[in-house]
**Q** 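So that we are looking at the same thing, I have put the structure below in structure tokens.
Proteins get letters first, then strands, A, B, ... in listed order; numbering begins at 1 in each.
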There are 2 protein chains.
Amino acid sequence: MRTGGVSQTVDPGGASAQIRDAAVVRFGRDGFGAGLRTIADDAGVTAGLIVHHFGSKEGLRKACDAHVLALLRAVKEEALTDTDTGSLLARIADIEEFAPLVRYLLRSVQAGGELAETTAEHMIGDAEAYLAAGEAAGVIRTSRAPAARTRLLAYQGLGSLLVWFTLHPDDGDDARFTASLREYVQTITFPAVELFCQGLFVDRSMLEEHLLHVPDPPADGADA
Amino acid sequence: MRTGGVSQTVDPGGASAQIRDAAVVRFGRDGFGAGLRTIADDAGVTAGLIVHHFGSKEGLRKACDAHVLALLRAVKEEALTDTDTGSLLARIADIEEFAPLVRYLLRSVQAGGELAETTAEHMIGDAEAYLAAGEAAGVIRTSRAPAARTRLLAYQGLGSLLVWFTLHPDDGDDARFTASLREYVQTITFPAVELFCQGLFVDRSMLEEHLLHVPDPPADGADA
DNA sequence: CTTCGCATTGAACGCCTGTTTAGCCTGCTC
DNA sequence: GAGCAGGCTAAACAGGCGTTCAATGCGAAG
């Protein structure tokens with residue numbers, strides 16, 4: 001109904017918004033190799049109009065990037081900070097309306113590029129805030145390399161979600177995508193909690209060995 | 001010298017092997033969107049010959065998949081089982097000769113498909129063996145959901161490496177790729193050891209809470 | 001020496017890509 | 001009502017894609 005293209009009576013935001021929305025969906029489904037004509041068909045317009053509005057395909061993608069980023073930022077504001085950023089994303093995608101956004105975001109991380117970096121930094125920031133709050137509340141252990149730990153957790157959370165996403169292809173079916181993410185959370189939550197609570201090794205000998213060999217643990221994990 | 005294409009005096013394995021090797025390098029560098037003519041140029045042949053030998057582009061990719069998988073399997077046999085499969089991959093890629101193979105593998109995981117699944121299963125198998133050995137030796141804690149824990153660790157290891165790989169593009173420079181992976185290991189090792197030794201939370205209350213809500217933790221993490 | 005077979009080539013094909021261009025058609029302004 | 005502006009379309013363009021095909025050259029077998 002929304003993507004009909006023929007009967008947009010209210011026309012929310014004009015045709016360019018409609019194109020952008022269709023592009024987010026199509027890019028998320030098929031990746032960024034999707035053709036302009038396909039997107040144009042989805043939006044009920046022509047390929048030329050896309051170029052007319054966005055200059056080029058890259059312009060369209062940047063518009064999508066900005067749109068998705070802004071929308072997810074707004075949504076995240078309302079949600080409480082979650083234990084795991086991957087779980088947070090999955091929970092957001094559970095709201096049917098936002099599934100395409102999350103899918104677009106994952107495709108974007110998969111493909112690399114500016115939004116991928118922004119997303120990673122964003123998740124690192126989230127993790128940092130969560131860890132700091134936990135440390136202050138006394139429920140999270142302090143680390144000898146806090147920044148590196150933050151980065152590790154963010155990469156692990158985003159990365160395992162990405163691997164799951166890559167390995168469980170939905171055929172553009174939002175319901176399947178949502179169900180898959182739900183299954184991901186269900187599969188991963190318990191072992192994650194277990195790992196975070198009791199670690200993996202029975203003693204700290206390995207850690208102390210590392211501390212001997214590298215007296216100065218990496219202070220940060222930032223680069224570029 | 002090896003990829004010269006003009007002066008293959010010994011011709012190891014024939015031209016089809018040469019094409020395959022060039023394809024592994026080019027696919028690893030540019031992704032699977034790389035054109036047949038580009039690969040043909042790299043190998044010093046024509047696009048038609050590739051199709052003649054491999055039937056189609058997909059046939060070429062499958063040949064690359066099989067080749068890379070066989071080669072990395074052979075290499076891994078020689079190496080001792082490492083703590084982390086990501087570290088193992090990085091260490092293999094450190095041998096200059098194998099960097100293109102690892103890059104191809106990561107591209108493959110990034111793109112999804114059969115080799116991605118095989119790789120994931122492979123890493124899960126490695127992790128399982130490592131964890132079982134550790135449990136038997138009494139250095140690794142037992143889990144209430146061993147299979148799910150194994151899967152989590154494999155996904156985290158592969159996923160964080162993949163995110164790093166995506167976020168740190170080398171321009172097809174093997175040295176940069178190798179250096180990047182080395183930096184990855186260096187960045188991630190300490191916080192990983194710390195996490196595995198002491199966990200993240202100061203007590204087990206969160207775990208016990210989960211055990212109350214879900215009296216039967218997920219026995220396995222397998223699907224499909 | 002001839003003949004066969006196979007690796008290999010270069011050109012062509014049809015399709016799809018992003019982009020450009022010319023023109024239409026609507027609605028607003030004077 | 002005339003004229004202009006701009007959203008929008010259809011067609012064409014140049015280039016890349018994977019694939020096909022006829023023809024070449026070479027090396028081995030008879």
Side-chain angles (χ1 to χ4, degrees), chain A residues 2-65 107-108 111 113-114 172, chain B residues 3-65 67 107-108 111 113-114 172:
Chain A
R2 180 172 297 166
T3 57
V6 180
S7 62
Q8 73 275 24
T9 48
V10 278
D11 201 4
S16 92
Q18 202 167 333
I19 292 172
R20 166 176 41 66
D21 291 347
V24 167
V25 172
R26 183 54 71 174
F27 279 147
R29 273 157 133 83
D30 300 350
F32 296 103
L36 280 188
R37 285 169 181 83
T38 310
I39 298 171
D41 283 355
D42 291 346
V45 298
T46 28
L49 188 62
I50 298 183
V51 178
H52 173 69
H53 276 302
F54 297 95
S56 67
K57 186 182 184 179
E58 200 194 329
L60 173 63
R61 187 182 163 176
K62 284 189 177 164
C64 290
D65 281 10
R107 276 272 179 237
S108 188
E114 206 172 326
Chain B
T3 57
V6 181
S7 61
Q8 74 275 23
T9 48
V10 279
D11 201 3
S16 93
Q18 202 166 335
I19 292 173
R20 169 178 37 68
D21 291 347
V24 167
V25 172
R26 182 55 71 174
F27 279 147
R29 273 157 132 84
D30 300 351
F32 296 102
L36 281 188
R37 287 168 180 83
T38 311
I39 297 171
D41 283 355
D42 292 346
V45 296
T46 20
L49 189 63
I50 298 182
V51 178
H52 172 70
H53 277 301
F54 298 94
S56 66
K57 186 182 184 179
E58 200 192 329
L60 173 63
R61 187 181 162 176
K62 283 188 177 164
C64 290
D65 280 10
H67 181 63
R107 274 278 177 232
S108 188
E114 207 170 325

**Q** Measuring from B/Cys64:SG to B/Ile39:CD1, what's the distance to the nearest 0.5 Å?
**A** 7.0 Å
**Q** Could you report the tightest heavy-atom contact between B/Arg37 and B/Ala47, atom names first, then the distance?
**A** CG-CB, 3.9 Å
**Q** Provide, to the nearest angstrom, the distance between the CG atom belonging to B/Asp30 and the P atom belonging to D/dC17.
**A** 11 Å
**Q** Starting at CG of A/Leu36 and ending at P of D/dG15, how long is that distance when rounded to a whole Å?
**A** 19 Å
**Q** In whole angstroms, how far is the P atom of D/dC17 from the CZ atom of B/Phe27?
**A** 12 Å
**Q** Out of curiosity, B/Arg26 CZ to B/Thr38 OG1, how far, rounded to the nearest 0.5 Å?
**A** 6.0 Å
**Q** Scan nucleotides 4-7 of chain C against the protein and return all N/O pairs shorter than 3.5 Å with their distances rounded to 0.1 Å.
**A**
| unit_1 | atom_1 | unit_2 | atom_2 | d |
| --- | --- | --- | --- | --- |
| C/dA7 | OP2 | B/His52 | NE2 | 3.3 |

**Q** Ignoring hydrogens and angles, answer whether the base of D/dG16 and the side-chain atoms of B/Arg37 contain a donor-acceptor pair closer than 3.5 Å.
**A** no
**Q** For B/Asp41 and D/dC17, what is the distance between atoms CG and P respectively, to the nearest whole Å?
**A** 10 Å
**Q** Verify, without hydrogens or angle tests, whether A/Arg107 (side chain) and A/Gly28 (backbone) share a donor-acceptor contact under 3.5 angstrom.
**A** yes
**Q** Could you list, one pair per line, each protein nitrogen or oxygen that sits under 3.5 Å from a nitrogen or oxygen of nucleotides 21-27 of chain D, together with the distance?
**A**
none

**Q** Rounded to whole Å, please give me the gap between CD1 in A/Ile39 and P in C/dT19.
**A** 11 Å
**Q** Considering only residues two or more places apart or on different chains, which pairs with a residue in residues 50-63 of chain B satisfy salt bridge (charged side-chain N to carboxylate O under 4.0 Å, His left out)?
**A** B/Glu58-B/Lys62
**Q** Looking at every heavy atom in both A/Leu36 and A/Ile50, which two are closest together, and how far apart are they?
**A** O-CD1, 3.6 Å
**Q** Describe the nucleic acid contact of A/Ala34 in one word from base, sugar-phosphate, nothing, applying a heavy-atom distance below 4.0 Å.
**A** sugar-phosphate
**Q** Of all the choices, C/dT8, C/dG18, D/dG18, which nucleotide is nearest to the side chain of B/Thr46 once you look at every atom?
**A** C/dT8
**Q** Identify which nucleotide among D/dT19, D/dT9, D/dA12 has an atom closest to any side-chain atom of A/Val45, counting heavy atoms from C-beta outward.
**A** D/dT9
**Q** Check whether any side-chain heavy atom of A/Val25 sits under 4.5 Å from a side-chain heavy atom of A/Asp42, and report yes or no.
**A** no
**Q** Could you note down all residue pairs passing salt bridge (charged side-chain N to carboxylate O under 4.0 Å, His left out) where residues 43-53 of chain A supplies at least one of them, sequence neighbours left out?
**A** none
**Q** Quick one: B/Ile50 CD1 to D/dG18 P, roughly how many Å, whole number?
**A** 9 Å
**Q** Which residue pairs pass the ring-ring contact (aromatic ring centres under 6.0 Å, His included) test when at least one of the two sits in residues 23-56 of chain A, sequence neighbours left out?
**A** A/Phe27-A/Phe32, A/Phe32-A/Tyr104
**Q** Are the side chains of A/Thr46 and A/Asp41 in touch, meaning some heavy atoms are under 4.5 Å apart?
**A** no
**Q** Atom CZ of B/Arg26 to atom P of D/dC17: distance rounded to whole Å?
**A** 11 Å
**Q** Specify the angle, to 10°, made by the local axes at the two ends of the helix from C/dC1-D/dG30 to C/dC30-D/dG1 when five pairs are taken at each end.
**A** 20°
**Q** Rounding to an integer number of Å, can you tell me how far B/Phe54 CZ sits from D/dT19 P?
**A** 13 Å
